Amino acid sequence: MAAERGARRLFSTSSLWLYCLLLLFGRPAPGAAAARSGSPPQSAGASIRTFTPFYFLVEPVDTLSVRGSSVILNCSAYSEPSPKIEWKKDGTFLNLVSDDRRQLLPDGSLFISNVVHSKHNKPDEGYYQCVATVDSLGTIVSRTAKLTVAGLPRFTSQPEPSSVYAGNSAILNCEVNADLVPFVRWEQNRQPLLLDDRVIKLPGGTLVISNVTEGDGGLYRCIIESGGPPKYSDEAELKVLPDPEETLNLVFLKQPSSLVRVIGQSTVLPCVASGLPAPAMRWMKNEETLDTEGSERLVLLAGGSLEISDITEDDAGTYFCIADNGNETIEAQAELTVQAQPEFLKQPANIYAHESMDIVFECEVTGKPTPTVKWVKNGDMVIPSDYFKIVKEHNLQVLGLVKSDEGFYQCIAENDVGNAQAGAQLIILEHDVAIPTLPPTSLTSATTDHLAPATTGPLPSAPRDVVASLVSTRFIKLTWRTPASDPHGDNLTYSVFYTKEGIARERVENTSRPGEMQVTIQNLMPATVYVFRVVAQNKHGFGESSAPLRVETQPEVQLPGPAPNIRAYATSPTSITVTWETPLSGNGEIQNYKLYYMEKGTDKEQDVDISSHSYTLNGLKKYTEYSFRVVAYNKHGPGVSTQDVAVRTLSDVPSAAPQNLSLEVRNSKSIMIHWQPPSPATQNGQITGYKIRYRKASRKSDVTETLVTGTQLSQLIEGLDRGTEYNFRVAALTVNGTGPATDWLSTETFESDLDETRVPEVPSSLHVRPLVTSIVVSWTPPENQNIVVRGYAIGYGIGSPHAQTIKVDYKQRYYTIENLDPSSHYVITLKAFNNVGEGIPLYESAVTRPHTVPDPTPMMPPVGVQASILSHDTIRITWADNSLPKHQKITDSRYYTVRWKTNIPANTKYKNANATTLSYLVTGLKPNTLYEFSVMVTKGRRSSTWSMTAHGTTFELVPTSPPKDVTVVSKEGKPRTIIVNWQPPSEANGKITGYIIYYSTDVNAEIHDWVIEPVVGNRLTHQIQELTLDTPYYFKIQARNSKGMGPMSEAVQFRTPKASGSSGKGSRLPDLGSDYKPPMSGSNSPHGSPTSPLDSNMLLVIIVSVGVITIVVVVIIAVFCTRRTTSHQKKKRAACKSVNGSHKYKGNSKDVKPPDLWIHHERLELKPIDKSPDPNPIMTDTPIPRNSQDITPVDNSMDSNIHQRRNSYRGHESEDSMSTLAGRRGMRPKMMMPFDSQPPQPLNHHIHSVKTASIGTLGRSRPPMPVVVPSAPEVQETTRMLEDSESSYEPDELTKEMAHLEGLMKDLNAITTA
């Protein structure tokens, strides 16, 4: 359609001259889909419009004004022709025609005279924006400028009388609003005060005088002059006192406060201190001293304040003001935060494009705080929608361009500091005009190819048979055939145009390479109707468009949203209650909730199922923080989780005593107590203090208590008696009470105050006794008992005593050094120590004894490891141990470790299990999975290496999940034919050997009333023909493997189209497709293949012959069975028969029985069933159903004693051999054969299989069907088989079997004569 519109436009009268120019000068060179350019492109004549320069020369800036003054907000824009300038205030256009105070200057600036501002009327203050418009081009807007009008003069603080010592610093406060600071000045004694290096005014208005002299005394006041009458503060007297010649403590008169400034501005960090002597001031930043003398940007002002000019991002940090007068030092700190205005790292660029394309305007900005970005088109805000999207945070993506999207687009970045704008122009060219420049990187991959026509010549016709081969919730896969004009189509590329139904904006997706005839459209909306059309393109340009295809995406399963208002609160030290509300969004009734909780600091999340909106968790740890979240479940599964909420259980008294209590005797009257807090898990709250109890050991009463607050971990107990033993214990405290105390610990004060002004003397003796891996050290204290000994330090090492050092209590007289090497020479030193230091060491050496125990030798690994598969999840591992006697009997304490893993995925970890026998049963394995096993043996400290590996693959199991993503679409051009697509089940548990499609017009019908379509092998698509027009059908799919059938999928609804290409009345022939050709002769076979009457007669004779022979064989078998059957066997068979029920395929799937014959589509064969030796009563004869109503689908809920059944089908399923729905419009119903079954097989038995299939379908082309007559087994074999089975035939069963065979013959006869 786009090509047709382009052709009509090209040959229209108004564009005839352009066509002539193109013929004269040639067409433009092929280009890409869209292009950017900063200058007019070089192209063919006037067919390409050029980008027009349109931008602001000057933009308004933030301005501060006062009442009654005049303000000019500058603005000037450039364009040819000249733009029209307008102004917006607070987002609304100003009417400057009737405004007597505001007027537009010739260059576009806004002039405001006599600014109005009062408490209740502020008409001029606000945000202003300049808007430039060119009628034939578009509109651009400037940055936003803030006009601030200084408020009414008002003091937040005024100067107060004060006195200062000469040589010190003084401050006089005069704080005003920030917008009034420029209008503040000071007077001394009613005369203007001149500011200099010694007298400064801080940014807030405060006056600072450093190095005060007598001349600085007097009356001070500050004045605000902001346009109206001046506003005076109170007067305050500053008295200058003489130097008292004594020291005064340092105090801060003014401390710095945290500030926020913008890059490029200047600021002052105030800091003024007073004291005697007068302090020197210095500054540090982030622990580094600032050099104010050698810096041009850092200046130390009067009194000590720091001025920073031209602020950069590196100036951000923590600043410390330090005052030091030699006697003392004080410091204050403040944080400086640096912000940056928005700045463009990448500005939008001009773009050429065609209609239906997708484009992206790129815009990369920086700033601090991070700027927000919004987009404006021709002066109006771009509101994000399905076709205008903000991508990668800042870029604007426009999908499916239309002509009205032309114009100027501007990226506007804004943060707390300011805003900035940058723009670009979009020009949409006609489809027959090539884009002049190379494709930019900003274009989406869907629209960067195949758009520029080259030479003149024949254009392709419309693509044929456009069909949606796969329809999902958010994507659709389209396929088509080559146009009739170019049946090979190797050099054709294709563009798929699509849009929502009812939306004029069309998007395009291109094929990735020439000759490709499929495209997947992504990012669609669920349950939405889309219209698709496909256009082919060759080297000459676009061809005809295909007819529109209307497709609706699948509805998306709706899951619950997050539960709102989740709250958690502690109800006790061990319990927390969590509450929430019903989710606001979701489809269907909420079935239950799952509450997840986790202790902070761990990664193990636990959960509990809840049906209400609150739950109380008990048994939690005391004073421990937990996080909680809630997930709602409906019939579709879990919804969106809530955000985590954290809460801590209530505190309690500590549940354990303090740790590591120790006593240190200081002298004859004091003892120092040391301890550590209880372990964190037992504190049960914030430790607020400790309670110390002590008493004399001689008396059990008179306990003294001392309370220690805070986190103090030691306490000196004084006022004790000399030479007295005391007991001590400590307990921890929380706000809830006192926890358990430590055990009593005793020590004795000194009899007299010993000397601790020097180190102890050398110990009087040292003895060592070496062992194999340890040395016992004993000693006696120094002879001089008048020097305090706090303990002993033992050093030891091989050849040197300085390798290890151990300290012990002063009361200890021996110690055992452990973990030494045998047969090694160790040097040992002993030193006494006190608080002064260590005394003189005493040396000794010793050689440890040799090690006499030999190292354990490794054991032999197990051999002959074998894996025996028992089931789909169990494998038995057996092995032999050569270190055991020949009878392999274990008499000692050895044990075996079995490990196993699967190689899929490759990083799977081993699992281990221990066994005390020579075999182990590994359970819980995955079906149809290869595992490897190995074994090792351990006896005491000896272990073997791992054995050789054994491998085993678990048996298959029926699929435990249904096929996924079932979709149904109509076949293009064949309204009565549909295509069913699906994906394999997630849990196939084996190789998928086929699928079964059930379909019906009644979703509530019993499953055995649904029509069945078998699919052989692992195919994932199937066609069903001859459906009724304008009728809703429901489809289910069941997968099978060698073990049986899996569960069915959910029913999928599809309504066949209303339109039909058939004519006439009565029964109509099946749709044979456009490629069908009538046979040459006048007579057709039942399957549509031309056959002669002679072939038909010969086929009939063969079929009748096979039937007669089969009947004779059955009669002979029945005679032998009847003669050899005893009365006991008859009763047993009768009981089995009554259990199995009737032979009809209705009711529960447990009644399904295998047929004795199977019939192939192409080689009609009649084969006797190969009876299994397993005596399963299910393997009895089964009548062949006469129509599709007699078929009961195989259900996955079969009784466990039936095991799984093996289903298989034969016959090639192709596009031209799809089955038809039986019994419609007078047509003969299709005969469906029941699915074969396989009884449970013992491990060592021969496997017998039974196969069934459906008899041919009308309308299929088949060759003549030869009949193969199987040879009957010999009588002895048959008799022996029947003796081994309990499912032998009774006379009444033979009668039924004969009746079914007669019915089969009638059906075959009807087919051959149809």
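Values below: all heavy atoms of this structure, side chains included; hydrogens, waters and symmetry mates excluded. We're numbering straight along the sequence, starting at 1. Here the structure is a predicted model, which means the values were calculated and not measured.
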Looking only at the side chains, is there a donor atom on one of Ser109 and Asp107 sitting less than 3.5 Å from an acceptor on the other? yes
Could you check if a side-chain atom of Gln518 sits within less than 4.5 angstrom of a side-chain atom of Lys477, using non-hydrogen atoms only? yes
Over 12 foreign heavy atoms within 6.0 Å of CD1, Ile383: no
Can you tell me how far apart CG (Leu57) and OH (Tyr78) are? Round to the nearest 0.5 Å. 9.0 Å
Cys411 side chain reached by Trp375 side chain, heavy atoms, under 4.5 Å: yes
Are the side chain of Thr63 and the backbone of Val61 linked by a donor-acceptor contact shorter than 3.5 Å? yes
Take Thr312 and Val338 through the side chain to side chain contact (heavy atoms under 4.5 Å, CB included) test and state the conclusion after the steps. CA-CA 7 Å; Thr312 65; Val338 178; over 6 Å; no
At their closest point, which heavy atom of Val630 faces which heavy atom of Thr642, and how far apart are they? N-OG1, 2.9 Å
Considering non-hydrogen atoms only, spot the tightest contact between Leu94 and Arg102 and give its length. CD1-CD, 4.1 Å
Which heavy atom of Val508 sits nearest a heavy atom of Asp358, and at what distance? O-OD2, 4.5 Å
With rounding to the nearest 0.5 Å, note down the distance linking CG in Leu396 to CD1 in Ile390. 5.0 Å
Give a yes or no on whether the backbone of Glu59 and the side-chain of Ser142 come within a donor-acceptor separation of less than 3.5 Å. no
Could you grab the distance from atom CZ of Arg507 to atom CZ of Phe497, nearest 0.5 Å is fine? 12.5 Å
Using side-chain heavy atoms (C-beta onward) and a distance below 4.5 Å, is Trp480 in contact with Ser546? no
Does Tyr530 reach the main-chain N or O of Met525 with its side chain, forming a donor-acceptor pair under 3.5 Å? yes
Does a side-chain heavy-atom distance below 4.5 Å link Glu506 with Arg533? yes
Any side-chain heavy atom of Asn634 within less than 4.5 Å of one from Leu559? yes
Indicate the ring-plane relationship of Tyr498 and Phe532, choosing parallel, tilted or perpendicular according to the 30° and 60° boundaries. parallel
Sub-3.5 Å donor-acceptor pair from the side chain of Thr553 to the main-chain atoms of Ala527, do we have one? yes
Would the number of heavy atoms belonging to other residues, nucleotides or ligands and lying under 6.0 Å from CG of Asn565 be above 12? yes
Mark yes or no for whether Thr372, through its side chain, and Glu414, through its backbone, hold a donor-acceptor pair below 3.5 Å. yes
Using only atom types and a distance under 3.5 Å, with no angle test, would you say the side chain of Asn350 pairs donor to acceptor with the backbone of Gln425? yes
Count the heavy atoms of every other residue, nucleotide or ligand shown that sit under 6.0 Å from NZ of Lys500, and state whether that count exceeds 12. yes
With salt bridge (Lys or Arg N to Asp or Glu O under 4.0 Å) as the rule and sequence neighbours excluded, what pairs involving residues 404-413 come up? Arg49-Glu406, Lys403-Glu406, Asp405-Arg505
Would you check if the side chain of Asn415 reaches a backbone N or O of Ala340 as a donor-acceptor pair within less than 3.5 Å? yes
What distance do Phe51 atom CZ and Leu137 atom CG have between them, rounded to the nearest 0.5 Å? 11.5 Å
Go through it in stages, so that I can follow the logic: the residues are Asn491 and Lys539, the test is side chain to side chain contact (heavy atoms under 4.5 Å, CB included), and I'd like the CA-CA distance, side-chain angles, deciding distance and then a yes or no. CA-CA 8 Å; Asn491 296 321; Lys539 61 182 180 179; over 6 Å; no
Heavy-atom pair with the smallest gap, counting every atom of Cys363 and Asn395: N-OD1, 2.8 Å
Run the side chain to side chain contact (heavy atoms under 4.5 Å, CB included) check on Val373 and Glu393 step by step: do they pass? CA-CA 8 Å; Val373 170; Glu393 297 184 1; over 6 Å; no
Flag side-chain contact, heavy atom, 4.5 Å: Thr482 against Met517: yes
Would you say the side chain of Asn538 lies within less than 4.5 Å of the side chain of Pro460, judging by non-hydrogen atoms? yes
By the definition side-chain contact (heavy atoms from CB on, under 4.5 Å), identify the one residue from Leu105, Leu96, Ile72 that meets it with Leu110. Leu96
Min side-chain heavy-atom separation Val471-Gln554 under 4.5 Å: yes
Heavy-atom neighbours of Asn95 CG exceed 12 at 6.0 Å: yes
At their closest point, which heavy atom of Pro548 faces which heavy atom of Val531, and how far apart are they? CB-CG1, 3.6 Å
With side chain to side chain contact (heavy atoms under 4.5 Å, CB included) as the test, would you mind laying out the steps for Val141 and Gln421 before giving the verdict? CA-CA 8 Å; Val141 297; Gln421 63 84 24; 5.9 Å; no
Test your reading of the model: is there a side-chain donor-acceptor pair from Asp124 to the backbone of Val115, 3.5 Å cut-off? no
Only distances under 3.5 Å count here; give the side-chain donor-acceptor pairs of residues 82-93 to other protein atoms, sequence neighbours excluded, each with its distance to 0.1 Å.
residue : atom : partner : partner atom : Å
Trp87   : NE1  : Gly108  : O            : 2.9
Lys89   : NZ   : Glu125  : O            : 3.3
Asp90   : OD1  : Tyr127  : N            : 2.9

Looking at CG of Leu478 and OH of Tyr494, how far apart are the two atoms once the value is rounded to the nearest 0.5 Å? 13.5 Å
Report yes or no: does Asp62 contribute a side-chain atom to a donor-acceptor pair with the main-chain N or O of Ala145 at less than 3.5 Å? no
Can any side-chain N or O of Thr366 pair as donor or acceptor with the backbone N or O of Glu343 at less than 3.5 Å? no
Closest non-hydrogen contact found for Ala420 with Arg143 is CA-CB, 4.5 Å
About how many Å separate CG of Asn419 and NZ of Lys146, when rounded to the nearest 0.5 Å? 12.0 Å
